[in-house]
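To start, the structure itself, in structure tokens.
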Amino acid sequence: MPEFEQHISGSPTGRSLDNQGVARVFADIATLLKLKGESVFKIRAYTRAAEVFEHLPGQVALLAQDEDQLKEIPGIGDAIASKTHELVTTGKMEYFEKLRGEFAPGLLDLMTVPEVGPKTALRASEDLGVESIEDLEAAIRDGSFATLPRVGVKKAQSILNHLEARFSQADRMPIGKALPIAEQVISALYQAAAEVRRLTIAGSVRRWRDTAGDIDILGVADDPESVTAAFTALPMVVDILGQGGTKASVIVTGGAQVDLRVSDERHFGALLLYFSGSKQHGISLRARAQKIGLSLNEYGLTDKGSGELTSYDTEAGVYRALNLPYIPPEIREDLGEIVAAESGNLPDLVELSQICGDLHVHSDWSDGRVPMEQMVREAALRGLEYVAMTDHSSGRGIANGLSVERLAAHNEEVLEVEQAAGGIRVFKGTEVDIRADGTLDYTDEVLAELDIVIASVHSGMSQESDVMTARIIKAIENPHVTAIGHLTTRFVLDRPPVEADFDAIFRAAASNGTLMEINASPKRMDLKDSHIRQARELGVRFLINTDAHNPDNLDQLRYGVGSARRGWAERKEVLNTLPVAEFERFLDTPKPERASFITEQVVTG
DNA sequence: GCCGTTTTCGGCCCGACTGTTTTCAGTCG
């Protein structure tokens, strides 16, 4: 696990307390309370708080300066508001420190192992002195672990398998790995099980989360058992974790876990809803069902008075029975979508089919793989109306960045390629480096020759927050910069985001009419969902770009659209949903007036 | 610990599978 994701331990000397850090503390408290055998409802409250903080648009550290503001968030009451305030102002929380002191330090780690819950972890610690993952492995290997109550040889072996899997791969995988695996498994299972009528992705992959712990697939068949049997027999399956009549779990080549659940057509709507999550969204829906005398499970809605079950073959049917419109999977995170649905204020989320152009594309002029002409042809094949060729600037020596002279030649070639392609509009562009001091690699005179300027940070990523903030805002204020590319420079599960005051950055972007790129590369997915939501609430507008370096990358737009939808972005907020003529009108608008052009688009859009 | 068109007290989401049992606890999603 990368360093930035480890426990922050509330240390004032460590990284500043970001939302992840605060969330981590509350999640750890919930785990410690489980070890203590506390009320499940109290545990749930802390778990809920952790999830709320993790996904909060805006900074918890700022919001928590004022406890009353915190308490306005559903799920945050007196006790948690006060503890959060203490944590963000002092860097420590007495309650957490005290709780943590009551248990062996390694217990939290132990419980991250599948099939090791609070009871097992505590037993192992008290009876066998197991206090770390390494101790656990040793206790399993010497046979002592299997002697614990309700543990046996099989369970011990199964846990050992999990440990070995963990040593060879990370806990979660990026969606860029999970989604293609899901699609391969579905395709193979259609071939292998003739009787299966439908197969659908569920879980966090369906919600387009940037990472997935496992891959959930749902099926419809009259004889579920034969489908689960075919599933466990697929050639890519390397290990079977469990197999019953209606569900099975396997490990496939590459180490990913895939869960399959099969039902009949009648119950499919409730089942898909149930297994698409999120967990919190499901809990809120079930609580809502309770209020009107119904009980919701994966088979449908049961009238608590008569005991009668109503089944639904679509998710929309279940929502309708709960007096709600259909809520798209991407926003099912219990972050206000149910309230928005109730009041008829669900966002009209942007769709992949609405994207008309890609404004961040590389060729072999810099670090792309193929000639410009081929990239443009491939973009046209995918139905795009326009594309911008944005090869790197000279500062990216390693990426074969363009000198001013080569950029001029690059501009010439854009015109030729556009003529030859016939039909697709090709914009002259650059992905210009934002240097450490906030200046750009090209002068304003050079930039003025271009249609599209994507300004990105590629170096000096560990700058202090205030330095980085000033650096990026300086680029935002440049009159020629169309958009800021991959703002945080993070790689999913692989490189932490830069530290910066995103609130200030988004405000500057909105007032300057500078767009924010939603970089669709599954490696980046940057902006991420919560930043998109924060930005749009501050009036920022977006581009969804692939940052393609080869033709295949052009197909990755869907990851960017998935992120945008998770961030509640609407079509009118994404400028490259504009048809080419409208988009050119946007480009013809000078920067100071772009902010109002955008607002006009919103009003009339 | 949170919360209130049945409640400021008494509720709070639900089922499958496994391995250990001899009817069910533990874990997961």
Side-chain angles (χ1 to χ4, degrees), chain A residues 26 29-31 33-34 36-50 52 70-84 95 110-124 146-159 161-162 202-204 207 212-218 224-225 228 240-249 257-263 267 270-302 304 309 322-323 334 342:
Chain A
F26 282 99
I29 290 174
T31 306
L33 292 174
K34 281 185 203 162
K36 257 185 107 120
E38 269 282 2
S39 142
V40 294
F41 304 110
K42 189 167 169 177
I43 294 166
R44 194 175 295 163
Y46 279 101
T47 305
R48 174 114 196 265
V52 164
L70 270 183
K71 284 195 286 189
E72 284 176 20
I73 304 172
I76 309 298
D78 290 336
I80 290 181
S82 147
K83 289 185 173 77
T84 311
Y95 178 71
L110 283 185
M111 287 176 61
T112 64
V113 179
E115 294 187 66
V116 179
K119 301 279 202 274
T120 311
L122 210 52
R123 282 276 189 187
T147 65
L148 292 175
R150 303 208 73 87
V151 180
V153 175
K154 280 189 82 168
K155 170 148 269 182
Q157 181 58 45
S158 172
I159 291 174
N161 290 344
H162 290 305
S204 53
R207 300 200 315 280
D214 58 21
I215 296 164
D216 294 302
I217 296 173
L218 296 188
E225 195 150 5
T228 57
I240 300 170
L241 301 176
Q243 182 176 3
T246 62
K247 61 190 259 190
S249 293
Q257 178 174 336
V258 185
D259 296 341
L260 173 73
R261 177 90 181 225
V262 190
S263 92
H267 301 119
L271 189 71
L272 181 58
L273 178 60
Y274 193 88
F275 281 98
S276 293
S278 67
K279 200 168 169 182
Q280 285 301 326
H281 181 81
I283 287 171
S284 287
L285 286 186
R286 287 192 286 281
R288 184 181 175 85
Q290 291 282 328
K291 278 190 200 159
I292 52 177
L294 301 169
S295 170
L296 174 65
N297 64 17
E298 56 261 60
Y299 297 107
L301 284 161
T302 303
K304 291 206 290 187
L309 171 76
L322 296 173
N323 300 317
D334 198 29
E342 266 172 345

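Residue numbers begin at 1 in each chain, while the letters A, B, ... track the order of the sequences. Treat the numbers as computed from the prediction; the structure is a model and nothing was measured.
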| Does A/Glu115 have any side chain to side chain donor-acceptor pair (under 3.5 Å) partners at least two apart in sequence or in another chain, and if so, which? |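 Checked A/Glu115 against side chain to side chain donor-acceptor pair (under 3.5 Å); matches are A/Ser158, A/His162.
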
| field | Counterpart residues, side chain to side chain donor-acceptor pair (under 3.5 Å), relative to A/Asp259 (two or more places apart) | value |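 So A/Asp259 forms a side chain to side chain donor-acceptor pair (under 3.5 Å) with A/Ser249, A/Gln257.
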
NA contact type, [X], heavy-atom cut-off 4.0 Å: base, sugar-phosphate, or nothing?
X: A/Arg44; value: base
X: A/Val52; value: nothing
X: A/Gly282; value: nothing
X: A/Leu285; value: nothing
X: A/Pro74; value: sugar-phosphate
X: A/Thr120; value: sugar-phosphate
X: A/Ser158; value: nothing
X: A/Val40; value: nothing

How far does the [atom1] atom of [N] sit from the matching atom of [M], given to the nearest Å?
N: B/dT7; M: B/dC12; atom1: P; result: 15 Å
N: B/dC13; M: B/dC2; atom1: C1'; result: 16 Å
N: B/dT21; M: B/dC17; atom1: C1'; result: 15 Å
N: B/dG15; M: B/dT6; atom1: C1'; result: 28 Å
N: B/dG1; M: B/dT5; atom1: C1'; result: 24 Å
N: B/dC9; M: B/dT20; atom1: C1'; result: 40 Å

| field | Qualifying residues under ring pair (Phe, Tyr, Trp, His ring centres under 6.0 Å), relative to A/Tyr274, sequence neighbours excluded | value |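 If we apply the ring pair (Phe, Tyr, Trp, His ring centres under 6.0 Å) test to A/Tyr274, skipping adjacent residues, there are no hits.
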
| message | Please enumerate all residues that pass ring pair (Phe, Tyr, Trp, His ring centres under 6.0 Å) together with A/Phe275, with sequence neighbours excluded. | response |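 With sequence neighbours excluded, A/Phe275 shows a ring pair (Phe, Tyr, Trp, His ring centres under 6.0 Å) to no residue whatsoever.
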
Return the set of residues passing salt bridge (Lys or Arg N to Asp or Glu O under 4.0 Å) with [X] (not counting sequence neighbours), or none when no residue passes.
X: A/Lys42; result: A/Glu38
X: A/Arg123; result: A/Asp127
X: A/Lys36; result: A/Glu102
X: A/Arg44; result: none

| task | Report the residue (A/Met111 or A/Ser39) whose heavy-atom-nearest nucleotide on DNA chain B is the more 5′ of the two. | result |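 Checking each residue's closest nucleotide, the 5'-ward one belongs to A/Ser39.
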
| message | If you assign each of A/Tyr46 and A/Val116 to its closest nucleotide in DNA chain B, which residue comes earlier from the 5' end? | response |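 In this pair, the answer is A/Tyr46.
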
| Considering only heavy atoms, which members of residues 291-298 of chain A lie under 4.0 Å from some atom of DNA chain B? |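 Hits under 4.0 Å, by residue number: A/Ser295, A/Leu296, A/Asn297, A/Glu298.
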
| Looking at residues 273-280 of chain A, who's got a heavy atom less than 4.0 Å off DNA chain B? |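 Close to the strand are A/Tyr274, A/Lys279.
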
| message | What range of DNA chain B does chain A touch, first nucleotide to last, counting atoms under 4.0 Å from its heavy atoms? | response |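 For DNA chain B, the relevant span reads B/dG1 to B/dG29.
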
| Do A/Tyr299 and A/Leu271 have side chains that get closer than 4.5 Å, going by heavy atoms? |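 The answer is no, as the side chains (C-beta and beyond) never meet within the 4.5 Å cut-off.
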
| query | Is there side-chain contact between A/Thr228 and A/Val262, with heavy atoms separated by less than 4.5 Å? | reply |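 Result yes, sub-4.5 Å side-chain heavy-atom pair found.
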
| Exceeds 12 heavy-atom contacts within 6.0 angstrom, atom NZ of A/Lys119 |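 Count not over threshold, so no.
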
| query | So which pairs with a foot in residues 284-295 of chain A pass salt bridge (charged side-chain N to carboxylate O under 4.0 Å, His left out), sequence neighbours left out? | reply |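 Output for this query lists A/Arg288-A/Glu342.
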
| field | Counterpart base for B/dT8, defined by Watson-Crick or G-U wobble contacts under 3.5 Å | value |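 Its partner is none (no Watson-Crick or G-U wobble pair with both distances under 3.5 Å).
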
